[in-house]
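Only one structure is covered here, and it is reproduced in the block below.
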Amino acid sequence: MKVSQLFTKTLRDAPSDEVAKNAQLLIRSGFVYKEMAGVYTYLPLGKRTLENIIGIIREEMNNVGGNEISLTALQKKETWETSGRWDDKVLDVWFKTKLASGAELGLAPTHEEPLTKLMKSYISSYKDLPIYPYQFQIKFRNELRSKSGLMRGREFWMKDLYSFSKDQAEHDTFYESMSEAYDRVYDRLGIGDITYKTFASGGSFSKYSHEYQTLSEVGEDTIYVHKDKKIAINQEVYNDEVMADLGVSKDELEECKAVEVGNIFTLNTKFSEDFNLQYAAEDGTSKHAFMGSYGIGPSRLMGLLAEHFADDKGLVWPENIAPFRVYLINIGDTADKAHELYEELTQRGVTVLWDDRDERPGAKFADADLMGIPHRIVVSEKLGENYEYKKRTESATNVLTKEELFGKL
RNA sequence: CGGGGAGUAGCGCAGUUGGUAGCGCACGCGGUUUGGGACCGCGGGGUCGCAGGUUCGAACCCUGUCUCCCCGACCA
């Protein structure tokens, strides 16, 4: 893509109503636009970045047998009354609205209820199980206070997968494979080393649930980290019993701030009982499906990655997250040469953002840095047949031949 | 929802004991520039968050209200 075709533009100053670094950088660089508190529009660069994050999660969900679907955002009151969660006193983040007829509707804050109800149409035998439907969708939660830019919105992207298993043993096996899939997701996003599988309250259905918590000073959660074992305990269950279960002692744990970037949860038969989701077992008896839920917030992750991978010049996206891999700058009367390289790289499958504007070099360099594109290539008259190459993460520049340049990408 | 702070041009800001709004960035035109956000000149753009009130006159004073940010509370 050419910068001249990009309708967004960068800002020198961040809006004064944003304090969170992730929001300041993402707005300044033209990745997102703030519609209202906790509600952001994804602009071309931001949309591509979000899709890259989603793509990684999608691959890992498909690897463990996920079936991608797209559930509705509009929700029937009756469906949620079945589980008792329509009541604002039970679930206090509802956005509710009405049909023209007057019938009440809600904007989905999560999807256990509609999906469990839906699966009644498709699960009738043990032969139908296990099954793992999932989706990427916008969730609506009427938080009393949204904060921290993209990290805690009222409207946000969520990957939610739900497992329907025959029994606890089958569920446990899948739960473990999801745990491993989550590890791979965070590794691929470049935050594996600072993301901890964290023991948290299991509610009334299981002893524990697990959160994936990424260490960050801007985190809302406090966790106790065991760096050698690569696990952590959420403050809410930081007690002697849990430490005994995990075989750790207080003096091995370090108190840290962290951002919850995912969770996996055993639901047991809570929802399959509420909706009477039963299947015929091999012995002819009827049994309730055994369920689990598994969430990751791609938009929160985008905020976290922006916050984490940044320096004083702007964003510093990891290679596989960046909206484009290459930022191509032509200086002086070199548009033809730049165009040629642009076409060649594009044909090779390298995504290129070509700054073809009639701007001074300094302005182009500043925007390349602010947008955080991993590789920068400069074409200019003084380089002759060669190209200047620089990584966003390094300060050194190298003059390379075209062949050497392709070797870098 | 409790406490604190703030709403003036797309963004950052200034503003007069109350007298009908200005600067920088961005934008348009002309010129000079061209390897780290150039410079000069000219120009366009704002019902001063909204609604009432006080006043001859309100961006400014009063009341209400909406919105945004921060701290706390809340948070499968």
Side-chain angles (χ1 to χ4, degrees), chain A residues 7-20 23-24 27-30 33-39 83 85 88-94 109-113 139 141-149 151-154 156 158 160 162 198 200-206 208-212 218-222 234-237 259-260 262-268 270-271 291-297 300 312-314 327 329-334 355 357-371 376-383 387-388 390 395 397 399:
Chain A
F7 70 80
T8 57
K9 95 184 31 169
T10 57
L11 295 172
R12 275 172 199 261
D13 302 307
S16 64
D17 71 346
E18 290 282 11
V19 171
Q24 290 193 340
I27 291 172
R28 279 188 58 212
S29 56
Y33 172 85
K34 183 180 191 170
E35 182 63 28
M36 61 183 97
V39 180
S83 64
R85 292 210 291 179
D88 290 332
K89 288 192 284 292
V90 177
L91 199 55
D92 63 1
V93 294
W94 272 113
T110 177
H111 280 90
E112 284 84 357
E113 279 83 349
K139 300 290 195 246
R141 293 188 186 174
N142 199 352
E143 302 276 357
L144 250 31
R145 180 186 167 207
S146 62
K147 57 185 281 196
S148 308
M151 314 263 279
R152 185 170 177 184
R154 295 197 167 99
F156 57 94
M158 173 122 121
D160 44 330
Y162 303 88
T198 302
S201 164
S204 47
F205 316 119
S206 61
Y208 299 117
S209 69
H210 296 95
E211 296 168 344
Y212 286 78
V218 300
E220 293 186 60
D221 292 346
T222 300
N234 193 301
Q235 187 174 43
E236 66 184 352
V237 294
V259 176
E260 186 184 346
N263 63 56
I264 59 177
F265 211 96
T266 297
L267 295 172
N268 208 314
K270 150 73 179 160
F271 292 99
M291 295 172 55
S293 71
Y294 314 81
I296 293 181
R300 173 179 282 185
D312 59 339
K313 291 180 175 168
Y327 197 94
I329 292 173
N330 63 298
I331 297 175
D333 188 19
T334 57
D355 195 340
R357 296 173 300 173
D358 183 23
E359 284 286 345
R360 292 166 67 90
K364 296 188 178 189
F365 291 142
D367 280 348
D369 288 340
L370 179 57
M371 292 179 191
R376 190 186 81 188
I377 298 171
V378 176
V379 173
S380 78
E381 284 157 348
K382 78 175 190 187
L383 292 164
Y387 302 86
E388 182 189 277
K390 177 184 171 302
S395 56
T397 59
V399 176

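Residue numbering restarts at 1 for every chain, and letters A, B, ... go by the order of the sequence lines.
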Practice problem: Identify, with sequence neighbours excluded, every residue that meets salt bridge (charged side-chain N to carboxylate O under 4.0 Å, His left out) alongside E112(A). | Solution: R85(A)
Quiz item: Who are the salt bridge (charged side-chain N to carboxylate O under 4.0 Å, His left out) partners of E220(A), not counting sequence neighbours?
Solution: R152(A)
Quiz prompt | Contacts of Y208(A) that satisfy ring pair (Phe, Tyr, Trp, His ring centres under 6.0 Å) - sequence neighbours left out | solution = F199(A)
Practice problem: Could you provide the dot-bracket string of RNA chain B, using ( ) for intrastrand pairs, [ ] for crossing pairs and | for bases paired to another strand, with Watson-Crick or G-U pairs below 3.5 Å? | Solution: (((((((..((((..[..[..)))).((((((.....)))))).....(((((..]..].))))))))))))....
Practice problem: Would you please name every residue forming a salt bridge (charged side-chain N to carboxylate O under 4.0 Å, His left out) with R357(A), sequence neighbours left out? | Solution: D355(A), D367(A)
Self-check item: P spacing across the pair C11(B) / A26(B), given as an integer number of angstrom
Solution: 16 Å
Quiz item: Between G22(B) and U8(B), how far is it from one C1' atom to the other, in whole Å?
Solution: 10 Å
Quiz item: Residues in side chain to side chain donor-acceptor pair (under 3.5 Å) with S16(A), at least two apart?
Solution: none
Quiz item: Say you pick atom P in C27(B) and the same atom in G19(B); how far apart are they, in whole Å?
Solution: 34 Å
Quiz item: C11(B), A76(B), G35(B): which one has an atom nearest the side-chain heavy atoms of I331(A)?
Solution: G35(B)
Quiz prompt | Counterpart residues, side chain to side chain donor-acceptor pair (under 3.5 Å), relative to N142(A) (two or more places apart) | solution = none
Quiz item: For atom P, what is the distance between U17(B) and U55(B), given to the nearest Å?
Solution: 22 Å
Quiz item: Does the G36(B) base have a donor-acceptor partner in the side chain of R376(A) within less than 3.5 Å?
Solution: yes
Self-check item: P gap between G12(B) and G53(B), integer Å
Solution: 32 Å
Within the sub-3.5 Å range, which N or O atoms of nucleotides 38-42 of chain B have a protein N or O partner, and how far apart are they?
unit_1: A38(B); atom_1: OP2; unit_2: R360(A); atom_2: NE; d: 3.4
unit_1: A38(B); atom_1: O4'; unit_2: R360(A); atom_2: NE; d: 3.3

Using nucleotides 69-71 of chain B, report all nitrogen or oxygen pairs with the protein that are shorter than 3.5 Å.
unit_1: C69(B); atom_1: OP1; unit_2: K34(A); atom_2: NZ; d: 2.8
unit_1: C71(B); atom_1: OP2; unit_2: R145(A); atom_2: NH2; d: 2.5

Quiz item: Considering residues at least two apart in sequence or located in another chain, which fulfil the side-chain contact (heavy atoms from CB on, under 4.5 Å) criterion with P109(A)?
Solution: W80(A), L91(A), V93(A), W94(A), R141(A)
Quiz item: Taking only residues two or more places apart in sequence, or in another chain, which ones meet D17(A) in a side-chain contact (heavy atoms from CB on, under 4.5 Å)?
Solution: P15(A), K34(A)
Quiz item: Sequence neighbours excluded, which residues qualify as ring pair (Phe, Tyr, Trp, His ring centres under 6.0 Å) partners of Y212(A)?
Solution: Y182(A), Y186(A)
